[in-house]
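These notes concern the structure reproduced below.
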Number of protein chains: 2
Amino acid sequence: MGRSVARTTVRSGIFRMTQLDPIDRRILEILVADARIPLTELARAVGLSKTPVAQRLKRLEESGIITGYRAILSPLKLGLTHVTYVEISMSDTRQKALEEFNAAVRLIPEVEECYMIAGGYDYQLKIRSRDMAHFRQVMAERISTLPYITSTSSYVAMEAVVEQNWTAI
Amino acid sequence: MGRSVARTTVRSGIFRMTQLDPIDRRILEILVADARIPLTELARAVGLSKTPVAQRLKRLEESGIITGYRAILSPLKLGLTHVTYVEISMSDTRQKALEEFNAAVRLIPEVEECYMIAGGYDYQLKIRSRDMAHFRQVMAERISTLPYITSTSSYVAMEAVVEQNWTAI
DNA sequence: CCTGAAAAATTATTCGC
DNA sequence: GCGAATAATTTTTCAGG
(Lines give C-alpha, C1' and ligand atoms only; values in the text may rest on other atoms or scores of the structure.)
Protein backbone atom coordinates (compact mmCIF):
# COMPACT_ATOMS: atom_id res chain seq x y z
CA MET A 1 0.00 0.00 0.00
CA GLY A 2 1.23 3.48 -0.72
CA ARG A 3 0.24 5.66 2.18
CA SER A 4 -1.32 8.78 0.74
CA VAL A 5 -0.58 11.07 3.65
CA ALA A 6 2.78 12.74 3.76
CA ARG A 7 4.74 12.43 6.93
CA THR A 8 3.97 15.35 9.13
CA THR A 9 6.95 17.51 9.85
CA VAL A 10 7.32 17.86 13.58
CA ARG A 11 9.77 20.11 15.33
CA SER A 12 10.97 17.39 17.65
CA GLY A 13 14.10 19.12 18.88
CA ILE A 14 12.49 19.22 22.29
CA PHE A 15 13.31 15.55 22.71
CA ARG A 16 16.96 16.46 22.96
CA MET A 17 16.03 17.93 26.31
CA THR A 18 15.30 14.43 27.48
CA GLN A 19 17.53 11.79 29.00
CA LEU A 20 16.41 8.96 26.77
CA ASP A 21 18.64 6.50 25.03
CA PRO A 22 19.50 8.06 21.65
CA ILE A 23 17.93 5.24 19.66
CA ASP A 24 14.73 5.38 21.68
CA ARG A 25 14.68 9.11 21.11
CA ARG A 26 15.08 8.59 17.39
CA ILE A 27 12.26 6.05 17.42
CA LEU A 28 10.01 8.57 19.15
CA GLU A 29 10.94 11.30 16.70
CA ILE A 30 10.01 9.08 13.79
CA LEU A 31 6.79 7.88 15.37
CA VAL A 32 5.71 11.39 16.26
CA ALA A 33 6.13 12.31 12.62
CA ASP A 34 4.50 9.13 11.29
CA ALA A 35 2.60 6.89 13.64
CA ARG A 36 1.93 4.30 10.94
CA ILE A 37 5.43 3.52 9.79
CA PRO A 38 5.96 -0.26 9.56
CA LEU A 39 8.40 -1.88 11.94
CA THR A 40 10.58 -2.83 8.99
CA GLU A 41 10.98 0.76 7.89
CA LEU A 42 11.40 2.00 11.42
CA ALA A 43 14.18 -0.51 12.01
CA ARG A 44 15.94 0.55 8.84
CA ALA A 45 15.62 4.20 9.81
CA VAL A 46 17.29 3.70 13.17
CA GLY A 47 19.88 1.31 11.80
CA LEU A 48 18.95 -1.81 13.73
CA SER A 49 17.15 -5.00 12.83
CA LYS A 50 13.49 -5.51 13.55
CA THR A 51 13.86 -7.60 16.68
CA PRO A 52 15.44 -4.99 18.97
CA VAL A 53 13.28 -2.24 17.55
CA ALA A 54 10.14 -4.24 18.27
CA GLN A 55 11.37 -4.73 21.83
CA ARG A 56 12.15 -1.07 22.27
CA LEU A 57 8.81 -0.05 20.86
CA LYS A 58 7.00 -2.40 23.17
CA ARG A 59 8.92 -1.01 26.10
CA LEU A 60 8.15 2.57 25.10
CA GLU A 61 4.46 1.72 24.89
CA GLU A 62 4.24 -0.30 28.06
CA SER A 63 6.20 2.20 30.10
CA GLY A 64 3.66 4.83 29.11
CA ILE A 65 6.06 7.07 27.22
CA ILE A 66 3.97 6.47 24.12
CA THR A 67 0.37 6.93 25.20
CA GLY A 68 -1.33 6.36 21.87
CA TYR A 69 -1.50 7.13 18.19
CA ARG A 70 -3.76 9.78 16.73
CA ALA A 71 -4.85 11.03 13.37
CA ILE A 72 -4.11 14.74 13.08
CA LEU A 73 -6.75 16.84 11.38
CA SER A 74 -6.79 20.18 9.66
CA PRO A 75 -8.77 22.79 11.59
CA LEU A 76 -8.91 24.78 8.36
CA LYS A 77 -10.58 21.98 6.44
CA LEU A 78 -12.94 21.31 9.32
CA GLY A 79 -13.89 24.96 9.58
CA LEU A 80 -12.59 25.21 13.14
CA THR A 81 -9.98 27.92 12.91
CA HIS A 82 -11.30 30.37 15.45
CA VAL A 83 -9.09 30.22 18.54
CA THR A 84 -9.68 32.29 21.65
CA TYR A 85 -7.90 32.31 24.97
CA VAL A 86 -10.07 32.92 28.00
CA GLU A 87 -8.60 33.90 31.33
CA ILE A 88 -10.75 33.10 34.30
CA SER A 89 -10.68 34.33 37.87
CA MET A 90 -12.24 32.27 40.62
CA SER A 91 -14.17 33.24 43.71
CA ASP A 92 -13.11 30.09 45.54
CA THR A 93 -9.74 28.45 45.05
CA ARG A 94 -10.05 25.73 47.64
CA GLN A 95 -9.36 22.23 46.41
CA LYS A 96 -12.97 21.14 46.28
CA ALA A 97 -14.03 24.14 44.19
CA LEU A 98 -11.13 23.65 41.82
CA GLU A 99 -11.94 20.00 41.30
CA GLU A 100 -15.55 20.84 40.60
CA PHE A 101 -14.46 23.44 38.08
CA ASN A 102 -11.98 21.05 36.44
CA ALA A 103 -14.60 18.36 36.02
CA ALA A 104 -17.03 20.81 34.45
CA VAL A 105 -14.43 22.19 32.05
CA ARG A 106 -13.55 18.73 30.83
CA LEU A 107 -17.09 18.28 29.56
CA ILE A 108 -16.86 21.16 27.09
CA PRO A 109 -15.69 19.87 23.71
CA GLU A 110 -14.63 23.29 22.50
CA VAL A 111 -12.04 23.52 25.29
CA GLU A 112 -8.85 22.35 23.67
CA GLU A 113 -6.61 23.28 26.54
CA CYS A 114 -7.04 24.32 30.16
CA TYR A 115 -4.33 25.10 32.67
CA MET A 116 -4.46 26.35 36.19
CA ILE A 117 -2.19 29.36 36.31
CA ALA A 118 -0.02 30.94 38.98
CA GLY A 119 -0.30 34.69 38.79
CA GLY A 120 -2.90 37.31 38.12
CA TYR A 121 -5.78 35.04 37.24
CA ASP A 122 -6.61 31.43 37.97
CA TYR A 123 -7.28 29.50 34.77
CA GLN A 124 -6.50 29.85 31.13
CA LEU A 125 -8.67 28.11 28.56
CA LYS A 126 -8.03 27.72 24.87
CA ILE A 127 -11.29 27.57 22.98
CA ARG A 128 -11.59 26.31 19.42
CA SER A 129 -14.72 27.25 17.50
CA ARG A 130 -16.06 27.78 14.00
CA ASP A 131 -16.29 31.54 14.24
CA MET A 132 -17.03 34.40 16.56
CA ALA A 133 -20.73 33.56 16.73
CA HIS A 134 -19.94 30.02 17.79
CA PHE A 135 -17.43 31.30 20.32
CA ARG A 136 -19.98 33.67 21.79
CA GLN A 137 -22.42 30.83 22.11
CA VAL A 138 -19.86 28.68 23.90
CA MET A 139 -19.05 31.56 26.24
CA ALA A 140 -22.66 32.25 27.03
CA GLU A 141 -23.82 28.68 27.42
CA ARG A 142 -20.82 26.77 28.69
CA ILE A 143 -18.03 28.95 30.02
CA SER A 144 -19.84 31.68 31.91
CA THR A 145 -21.92 29.07 33.68
CA LEU A 146 -18.93 27.23 35.10
CA PRO A 147 -18.88 27.13 38.90
CA TYR A 148 -17.02 29.69 41.03
CA ILE A 149 -16.18 32.06 38.19
CA THR A 150 -15.97 35.73 39.04
CA SER A 151 -14.65 37.21 35.81
CA THR A 152 -13.30 36.29 32.40
CA SER A 153 -11.17 38.03 29.78
CA SER A 154 -11.03 36.82 26.19
CA TYR A 155 -8.21 37.18 23.70
CA VAL A 156 -8.83 36.27 20.09
CA ALA A 157 -6.04 34.67 18.09
CA MET A 158 -5.40 36.36 14.77
CA GLU A 159 -2.91 33.89 13.40
CA ALA A 160 -1.52 30.49 14.32
CA VAL A 161 2.26 30.73 14.15
CA VAL A 162 3.02 27.41 15.86
CA GLU A 163 0.67 24.59 16.77
CA GLN A 164 2.52 21.59 18.08
CA ASN A 165 0.82 18.36 18.99
CA TRP A 166 2.56 15.39 20.42
CA THR A 167 1.72 15.54 24.09
CA ALA A 168 -0.92 13.92 26.21
CA ILE A 169 -1.86 14.48 29.81
CA MET B 1 -1.02 -8.75 17.04
CA GLY B 2 -2.29 -7.33 20.29
CA ARG B 3 -1.51 -3.65 20.24
CA SER B 4 -0.19 -2.81 23.64
CA VAL B 5 -1.31 0.79 23.71
CA ALA B 6 -4.82 1.50 24.84
CA ARG B 7 -6.91 3.65 22.61
CA THR B 8 -6.54 7.20 23.71
CA THR B 9 -9.74 8.73 24.91
CA VAL B 10 -10.36 11.89 22.97
CA ARG B 11 -13.12 14.36 23.63
CA SER B 12 -14.16 14.52 20.01
CA GLY B 13 -17.51 16.19 20.53
CA ILE B 14 -16.10 19.16 18.71
CA PHE B 15 -16.56 17.31 15.44
CA ARG B 16 -20.28 17.66 15.86
CA MET B 17 -19.69 21.31 15.14
CA THR B 18 -18.68 20.30 11.66
CA GLN B 19 -20.70 19.78 8.51
CA LEU B 20 -19.20 16.46 7.59
CA ASP B 21 -21.07 13.38 6.51
CA PRO B 22 -21.90 11.48 9.71
CA ILE B 23 -19.94 8.40 8.66
CA ASP B 24 -16.88 10.45 7.75
CA ARG B 25 -17.19 12.14 11.11
CA ARG B 26 -17.33 8.81 12.84
CA ILE B 27 -14.27 7.65 10.91
CA LEU B 28 -12.39 10.73 12.05
CA GLU B 29 -13.45 10.24 15.65
CA ILE B 30 -12.15 6.71 15.60
CA LEU B 31 -8.90 7.61 13.88
CA VAL B 32 -8.25 10.49 16.25
CA ALA B 33 -8.56 8.03 19.11
CA ASP B 34 -6.55 5.28 17.41
CA ALA B 35 -4.57 6.07 14.31
CA ARG B 36 -3.47 2.47 13.83
CA ILE B 37 -6.81 0.73 13.69
CA PRO B 38 -6.93 -1.71 10.74
CA LEU B 39 -9.32 -0.99 7.91
CA THR B 40 -11.24 -4.14 8.76
CA GLU B 41 -11.95 -3.00 12.29
CA LEU B 42 -12.67 0.54 11.21
CA ALA B 43 -15.21 -0.73 8.68
CA ARG B 44 -16.89 -2.85 11.31
CA ALA B 45 -17.01 0.08 13.72
CA VAL B 46 -18.79 2.34 11.25
CA GLY B 47 -21.06 -0.42 9.97
CA LEU B 48 -19.89 -0.57 6.37
CA SER B 49 -17.75 -2.99 4.40
CA LYS B 50 -14.10 -2.32 3.78
CA THR B 51 -14.45 -1.05 0.22
CA PRO B 52 -16.39 2.14 0.91
CA VAL B 53 -14.45 2.83 4.08
CA ALA B 54 -11.17 2.57 2.19
CA GLN B 55 -12.53 5.04 -0.35
CA ARG B 56 -13.70 7.44 2.31
CA LEU B 57 -10.41 7.23 4.13
CA LYS B 58 -8.49 7.93 0.97
CA ARG B 59 -10.70 10.90 0.28
CA LEU B 60 -10.25 12.25 3.80
CA GLU B 61 -6.49 11.96 3.44
CA GLU B 62 -6.24 13.38 -0.05
CA SER B 63 -8.54 16.28 0.68
CA GLY B 64 -6.23 17.27 3.52
CA ILE B 65 -8.74 16.78 6.32
CA ILE B 66 -6.44 14.16 7.76
CA THR B 67 -2.97 15.67 7.68
CA GLY B 68 -1.06 12.81 9.25
CA TYR B 69 -0.77 10.29 12.05
CA ARG B 70 1.29 10.87 15.16
CA ALA B 71 2.42 9.03 18.22
CA ILE B 72 1.31 10.86 21.35
CA LEU B 73 3.81 10.98 24.18
CA SER B 74 3.60 11.54 27.90
CA PRO B 75 5.20 14.81 29.00
CA LEU B 76 5.30 13.35 32.50
CA LYS B 77 7.34 10.34 31.45
CA LEU B 78 9.61 12.51 29.36
CA GLY B 79 10.17 14.93 32.21
CA LEU B 80 8.68 17.83 30.27
CA THR B 81 5.81 18.94 32.45
CA HIS B 82 6.76 22.54 33.03
CA VAL B 83 4.41 24.72 30.97
CA THR B 84 4.62 28.48 30.87
CA TYR B 85 2.66 31.00 28.86
CA VAL B 86 4.60 34.03 27.72
CA GLU B 87 2.86 37.15 26.50
CA ILE B 88 4.93 39.30 24.23
CA SER B 89 4.53 42.92 23.16
CA MET B 90 6.14 44.09 19.95
CA SER B 91 7.80 47.37 19.05
CA ASP B 92 6.98 46.94 15.38
CA THR B 93 3.84 45.25 14.14
CA ARG B 94 4.31 45.80 10.44
CA GLN B 95 4.05 42.72 8.29
CA LYS B 96 7.76 42.36 7.68
CA ALA B 97 8.60 42.51 11.38
CA LEU B 98 5.89 40.00 12.22
CA GLU B 99 7.12 37.57 9.61
CA GLU B 100 10.63 37.85 10.89
CA PHE B 101 9.42 37.21 14.42
CA ASN B 102 7.30 34.25 13.29
CA ALA B 103 10.20 32.62 11.49
CA ALA B 104 12.45 33.01 14.52
CA VAL B 105 9.84 31.59 16.89
CA ARG B 106 9.39 28.51 14.74
CA LEU B 107 13.03 27.61 15.31
CA ILE B 108 12.63 27.23 19.08
CA PRO B 109 11.77 23.62 19.94
CA GLU B 110 10.42 24.51 23.37
CA VAL B 111 7.68 26.64 21.77
CA GLU B 112 4.72 24.32 21.59
CA GLU B 113 2.25 26.94 20.56
CA CYS B 114 2.38 30.52 19.33
CA TYR B 115 -0.54 32.71 18.34
CA MET B 116 -0.73 36.31 17.30
CA ILE B 117 -3.29 37.88 19.57
CA ALA B 118 -5.75 40.75 19.17
CA GLY B 119 -5.88 42.78 22.35
CA GLY B 120 -3.54 44.00 25.03
CA TYR B 121 -0.37 42.28 23.84
CA ASP B 122 0.78 40.89 20.53
CA TYR B 123 1.83 37.26 20.85
CA GLN B 124 1.21 34.42 23.22
CA LEU B 125 3.69 31.57 23.41
CA LYS B 126 3.28 28.30 25.21
CA ILE B 127 6.65 27.02 26.37
CA ARG B 128 7.27 23.44 27.44
CA SER B 129 10.36 22.75 29.48
CA ARG B 130 11.81 20.35 32.03
CA ASP B 131 11.63 22.74 34.95
CA MET B 132 11.96 26.34 35.95
CA ALA B 133 15.71 26.36 35.38
CA HIS B 134 15.24 25.10 31.85
CA PHE B 135 12.49 27.64 31.27
CA ARG B 136 14.70 30.47 32.47
CA GLN B 137 17.40 29.33 30.11
CA VAL B 138 14.97 29.29 27.19
CA MET B 139 13.76 32.74 28.11
CA ALA B 140 17.25 34.15 28.42
CA GLU B 141 18.74 32.53 25.35
CA ARG B 142 15.89 32.16 22.91
CA ILE B 143 12.82 34.21 23.75
CA SER B 144 14.23 37.49 24.97
CA THR B 145 16.49 37.66 21.93
CA LEU B 146 13.62 37.43 19.45
CA PRO B 147 13.39 40.44 17.14
CA TYR B 148 11.16 43.45 17.88
CA ILE B 149 10.23 42.44 21.41
CA THR B 150 9.58 45.22 23.88
CA SER B 151 8.30 43.31 26.89
CA THR B 152 7.23 39.88 28.06
CA SER B 153 5.08 38.54 30.88
CA SER B 154 5.26 34.92 31.97
CA TYR B 155 2.55 32.81 33.58
CA VAL B 156 3.44 29.43 34.97
CA ALA B 157 0.95 26.60 34.70
CA MET B 158 0.32 24.81 37.97
CA GLU B 159 -1.83 22.03 36.64
CA ALA B 160 -2.90 20.67 33.26
CA VAL B 161 -6.66 20.27 33.35
CA VAL B 162 -7.19 19.67 29.62
CA GLU B 163 -4.60 19.03 26.91
CA GLN B 164 -6.23 18.16 23.64
CA ASN B 165 -4.26 17.22 20.56
CA TRP B 166 -5.76 16.49 17.23
CA THR B 167 -5.12 19.61 15.23
CA ALA B 168 -2.44 20.66 12.80
CA ILE B 169 -1.76 24.00 11.22
C1' DC C 1 21.81 -6.99 23.09
C1' DC C 2 21.84 -7.63 18.13
C1' DT C 3 21.36 -10.18 13.23
C1' DG C 4 19.02 -12.40 9.55
C1' DA C 5 15.89 -15.31 7.57
C1' DA C 6 11.88 -18.33 7.77
C1' DA C 7 7.27 -18.78 9.20
C1' DA C 8 2.89 -17.03 10.68
C1' DA C 9 -0.47 -13.74 10.94
C1' DT C 10 -2.66 -9.81 9.60
C1' DT C 11 -4.15 -6.40 6.44
C1' DA C 12 -5.24 -4.22 2.00
C1' DT C 13 -6.92 -4.63 -2.71
C1' DT C 14 -9.50 -6.36 -6.41
C1' DC C 15 -13.56 -7.83 -8.73
C1' DG C 16 -18.08 -9.71 -9.80
C1' DC C 17 -22.60 -8.74 -8.09
C1' DG D 1 -22.17 -0.45 -1.15
C1' DC D 2 -21.34 -5.88 -0.31
C1' DG D 3 -18.46 -10.04 0.27
C1' DA D 4 -15.26 -13.35 -1.13
C1' DA D 5 -10.97 -14.37 -3.20
C1' DT D 6 -6.49 -12.76 -4.01
C1' DA D 7 -2.41 -10.30 -3.24
C1' DA D 8 0.67 -7.85 -0.51
C1' DT D 9 2.56 -6.40 3.66
C1' DT D 10 3.84 -6.79 8.23
C1' DT D 11 4.90 -9.00 12.60
C1' DT D 12 6.72 -12.72 15.21
C1' DT D 13 9.74 -16.34 16.08
C1' DC D 14 14.08 -18.63 16.44
C1' DA D 15 18.78 -20.29 15.74
C1' DG D 16 23.17 -18.21 16.12
C1' DG D 17 26.90 -14.75 17.44
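Note: hydrogens, waters and symmetry copies are ignored here, and every other heavy atom, side chains too, is used. Numbers restart at 1 for each chain; the letters A, B, ... are given by sequence-line order, proteins then strands.
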Gap between atoms [atom1] and [atom2], on [X] and [N] respectively (whole Å):
X: K58(A); N: dC2(C); atom1: NZ; atom2: P; value: 16 Å
X: L42(A); N: dT11(D); atom1: CG; atom2: P; value: 9 Å
X: Q55(B); N: dA12(C); atom1: CD; atom2: P; value: 15 Å
X: E41(A); N: dA8(D); atom1: CD; atom2: P; value: 18 Å
X: I23(B); N: dG1(D); atom1: CD1; atom2: C1'; value: 10 Å
X: I27(A); N: dC2(C); atom1: CD1; atom2: C1'; value: 13 Å
X: R44(A); N: dG4(C); atom1: CZ; atom2: P; value: 14 Å

- Task: Among residues two or more places apart or on two chains, list those pairs meeting ring pair (Phe, Tyr, Trp, His ring centres under 6.0 Å) that have a residue in residues 12-63 of chain B.
- Result: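 Matches after skipping sequence neighbours: F15(B)-W166(B).
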- Task: Can you tell me which residue pairs pass the ring pair (Phe, Tyr, Trp, His ring centres under 6.0 Å) test with a partner in residues 125-155 of chain B, sequence neighbours excluded?
- Result: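 Listed once each, the pairs are Y121(A)-Y155(B).
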Among [options], find the nucleotide with the atom closest to the side chain of [X].
X: L48(B); options: dG1(D), dT11(D), dC2(C); value: dG1(D)
X: L39(A); options: dT12(D), dC2(D), dA12(C); value: dT12(D)
X: K50(B); options: dG1(D), dC2(C), dT13(C); value: dT13(C)
X: S49(B); options: dC2(C), dG3(D), dT11(C); value: dG3(D)
X: T51(A); options: dT3(C), dG3(D), dA6(C); value: dT3(C)
X: T40(B); options: dC2(C), dT11(C), dT11(D); value: dT11(C)

- Query: Can a side chain N or O of R56(A) be found less than 4.0 Å away from OP1 or OP2 on dC1(C)?
  - Reply: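 Looking at the OP1 and OP2 atoms of dC1(C), neither is under 4.0 Å from any side-chain N or O of R56(A).
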- Message: It should be established whether R36(B) places a side-chain nitrogen or oxygen under 4.0 Å from OP1 or OP2 of nucleotide dT11(C).
- Response: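 For dT11(C), OP1/OP2 do not have a side-chain N/O of R36(B) under 4.0 Å.
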- Message: For S129(B), run the side-chain hydrogen bond (donor to acceptor under 3.5 Å, both in side chains) check against E110(B), H82(B), R136(B) and tell me which one passes.
- Response: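 Going through the options one by one, the only one that passes is H82(B).
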- Query: Do E113(A) and Y85(A) get their side chains close enough for a donor-acceptor pair, meaning under 3.5 Å?
  - Reply: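 There is no such pair between these side chains.
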- Touch class at under 4.0 angstrom, heavy-atom based, for P52(A) against every strand present: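 Since a base atom lies under 4.0 Å of P52(A), the category is base.
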- Message: Give me the atom names and distance for the closest heavy-atom approach of L28(A) to L73(B).
- Response: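 That would be CD2-CD2, 3.9 Å.
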